[in-house]
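So the structure is just underneath, and the comments pick up after that.
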Number of protein chains: 2
Amino acid sequence: MVQSARPLSKKEIRQENERLILDAAEKVFAEAGFGGATVQLIADLAGLPKANLHYYFPTKEALYRQVVQNIFQDWLKAADTFDAAPGPVEGIGAYIDAKMEISRRHPAGSKVWASEVMHRAPVIQDYLETTLVEWTEDRMRVIQRWIDDGKMDPIDPRHLLYMLWATTQHYADFGHQIETLNGGKPLSEDQWEAAKASVKSIILKGIGAREA
Amino acid sequence: MVQSARPLSKKEIRQENERLILDAAEKVFAEAGFGGATVQLIADLAGLPKANLHYYFPTKEALYRQVVQNIFQDWLKAADTFDAAPGPVEGIGAYIDAKMEISRRHPAGSKVWASEVMHRAPVIQDYLETTLVEWTEDRMRVIQRWIDDGKMDPIDPRHLLYMLWATTQHYADFGHQIETLNGGKPLSEDQWEAAKASVKSIILKGIGAREA
DNA sequence: CCCAATCCTGACCGTATGGTCAAGATGAGA
DNA sequence: TCTCATCTTGACCATACGGTCAGGATTGGG
């Protein structure tokens, strides 16, 4: 517990507190939903008085918006793997790995995202209509190219993407159900590896992905 | 608007009103989450005064519990198809059809279920631990038998079930996102058929399902 | 060292919400 | 027809919640 006693600068204080608040907010929004979450609960979890939280984020909505936007960024970043790949085995395989890892490391974020979309995306509808549409069309083109090059079966790229999203995010969003079906215990390291392997195996075989 | 003017009997009144309330509640809980839903909103949608709603369901929690339990029943019923089937092509194929149909016809119910599980199943945890566990083990045994009989590849039945749940429910839970990516329009009849076909094709091929 | 800017917080406020109640209306059975 | 059980509802209440504010503490720059 020995720690440098140097007082934090204003900049550092701001950064640190915003991080504390955003982390706490993500957890609380994930567990209770936007409507069920209370500012008091978020403040308690962040270890700050409620009024201090309102100093950094004027309203509950503004805080929620920031949380969702951050999650959306991660969501998109996971696709970097997709682009450089020579074919579906590497590209989709790496994408599944990346998204499964997000589900494992940031389940709260995944739940907040799911909740936002389920409730008709009240705060990020504009992102869906612009960024997500572009992103999706780009990846659909990549998949179509693989199909044209004979690297996989002629699957509708759109439904393949939906299946990838659904399957990988399921391990976060429905993690509680999976845990219950696992005897109440979280998945072990080995079980996570088995999950990833199963998903990759079924999908890659299912789309007839051929090694480069 | 001409209608039989026969006054409803007490029994009919009760049935009718409970149905109105449950239908309205499912929609509102799906759109706003438990915390975001208000009793007033449910009452308005059902066309009843709030106090009347409380006459039939004493608390918001009791109403929510009933909604979730009803959904759970449908969820289980969809599996009837599974059991009689001679092999994975028929069994899993029919299960996918059934669950996709639920996603299409009762998206609100699917969302309420997803929300409940995401929030650690505060009201149906006991069902998860008993009924769902049994249900899952039964189906895993069926799948294992198909594997042993050489009717499909040696896939981990557990992860196959998760993939089936994830993929089919995704079309309800993330329906708004899918709609946005479809130019803001709901999926047409043909598009639903294409979705079903894609899902079935990828999964059945992915698990190496062989015709009987 | 001083003053301005930033940060912190207990106390407070208006509102919305879940739930109650008492009194009346309506249908069922004798 | 009379009586009882069930159904209906406007008015009401206590509470919890999001958000405000005034004033104090702390840091930074000149």
Side-chain angles (χ1 to χ4, degrees), chain A residues 3-29 31-68 112 115 119 122-123, chain B residues 3-29 31-68 112 115 119 122-123:
Chain A
Q3 201 169 348
S4 126
R6 182 176 62 85
L8 297 169
S9 76
K10 296 278 189 193
K11 280 253 168 69
E12 288 169 325
I13 287 177
R14 176 152 222 122
Q15 275 189 337
E16 172 74 0
N17 281 346
E18 286 183 348
R19 197 187 54 75
L20 280 173
I21 294 168
L22 286 168
D23 285 357
E26 185 175 288
K27 275 185 198 135
V28 174
F29 284 135
E31 292 201 2
F34 178 80
T38 70
V39 174
Q40 187 65 64
L41 216 65
I42 296 171
D44 289 349
L45 191 58
L48 297 170
K50 187 174 66 132
N52 198 6
L53 184 150
H54 273 113
Y55 171 73
Y56 289 103
F57 297 92
T59 68
K60 187 183 173 187
E61 276 82 4
L63 174 54
Y64 176 74
R65 176 170 285 117
Q66 191 59 55
V67 168
V68 172
V112 174
S115 196
H119 300 146
V123 324
Chain B
Q3 201 169 350
S4 128
R6 181 176 64 86
L8 297 170
S9 76
K10 294 280 188 193
K11 280 256 168 66
E12 287 170 325
I13 288 177
R14 176 153 221 122
Q15 276 190 336
E16 172 74 1
N17 282 346
E18 286 183 348
R19 196 187 55 77
L20 280 174
I21 294 168
L22 286 169
D23 284 357
E26 185 176 286
K27 275 186 198 134
V28 174
F29 283 135
E31 292 203 1
F34 177 80
T38 71
V39 175
Q40 186 65 64
L41 215 66
I42 296 172
D44 289 350
L45 191 59
L48 297 170
K50 187 173 65 130
N52 199 4
L53 185 150
H54 273 114
Y55 172 73
Y56 288 102
F57 297 92
T59 67
K60 185 183 173 188
E61 276 81 4
L63 174 54
Y64 176 74
R65 175 170 286 117
Q66 191 61 55
V67 168
V68 172
V112 174
S115 195
H119 300 147
V123 324

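All of these numbers come straight from a predicted model, not from anything done at the bench. Worth knowing before you read on, the calculation uses all heavy atoms, side chains too, and leaves out hydrogens, waters and symmetry mates. Protein chains get the first letters and strands the later ones, always in sequence-line order, with residue 1 at the start of each.
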Seminar exercise, completed: Note: for Asn17(A) and Ala51(B) on DNA chain C, the residue whose nearest nucleotide lies more 5' is Asn17(A)
Problem set entry | Gap between atoms NE2 and P, on His54(A) and dG19(D) respectively (whole Å) | 4 Å
Exercise. Among dT6(D), dG18(C), dG18(D), which is the nearest nucleotide to the side chain of Val39(B)?
Worked result: dG18(C)
For this session: Can you figure out which of dG18(C), dG28(D), dC7(C) approaches the side chain of Ser9(A) most closely?
Result: dG28(D)
Exercise. Closest nucleotide of DNA chain C for Lys60(B) versus for Arg14(A): which of these residues is on the 5' side?
Worked result: Arg14(A)
Problem set entry | Closest to the Thr59(A) side chain, choosing from dC7(D), dT17(C), dG19(D) | dG19(D)
Exercise. Can you check the Leu63(B) CG to dG18(C) C1' distance for me, whole Å?
Worked result: 12 Å
Problem set entry | Inter-residue atom distance Leu45(A).CG - Leu53(A).CG, 0.5 Å rounding | 11.0 Å
Problem set entry | Val123(B) vs Glu61(B) side-chain heavy atoms within contact, under 4.5 Å | no
For this session: To the nearest Å, give me how far apart CG (Asp44(B)) and C1' (dT9(D)) are.
Result: 14 Å
For this session: Check every atom of dC7(D), dG10(D), dT9(C) against the side chain of Asn52(A) and return the nucleotide holding the closest atom.
Result: dT9(C)
For this session: Could you state the atom-to-atom distance from OH of Tyr55(A) to C1' of dG19(D) in whole Å?
Result: 17 Å
For this session: Would you classify Glu16(B) as touching base, sugar-phosphate or nothing, given that sugar-phosphate means primed atoms plus P, OP1 and OP2, and contacts are heavy atoms under 4.0 Å?
Result: nothing
For this session: Looking at every strand, decide which applies to Ala37(B) at a 4.0 Å heavy-atom threshold: base, sugar-phosphate, or nothing.
Result: sugar-phosphate
Problem set entry | Given dG19(C), dG10(C), dG18(D), the nucleotide with the shortest approach to the side chain of Pro49(A) | dG10(C)
Exercise. In whole angstroms, how far is the P atom of dT6(D) from the CG atom of Leu48(B)?
Worked result: 19 Å
For this session: Side-chain contact test, heavy atoms from C-beta onward, threshold under 4.5 Å: evaluate it for Arg14(B) versus Lys11(B) and give yes or no.
Result: no
Seminar exercise, completed: Of the candidates dC7(C), dT17(C), dC7(D), the side chain of Ile13(B) sits closest to dC7(D)
Problem set entry | Selected nucleotide, minimal atom distance to Lys50(A) side chain, candidates dG18(D), dC8(C), dG18(C) | dG18(D)
Exercise. Under 6.0 Å from the NZ atom of Lys27(B), do we count more than 12 heavy atoms belonging to anything else shown?
Worked result: no
Exercise. Within this structure, what is the CD-to-C1' distance between Glu12(B) and dA28(C), rounded to whole angstrom?
Worked result: 13 Å
Exercise. Leu53(B) has an atom CG; how far is it from atom C1' of dG10(D), in whole Å?
Worked result: 16 Å
Exercise. Across the strands shown, which category fits Phe57(A) at heavy-atom distances under 4.0 angstrom: base, sugar-phosphate, nothing?
Worked result: nothing
Seminar exercise, completed: Here the distance between atom P of dC7(D) and atom CD of Glu18(B), to the nearest Å, is 9 Å
For this session: Supply the atom-to-atom distance Phe29(A) CZ to Lys60(A) NZ, rounded to the nearest 0.5 angstrom.
Result: 6.0 Å
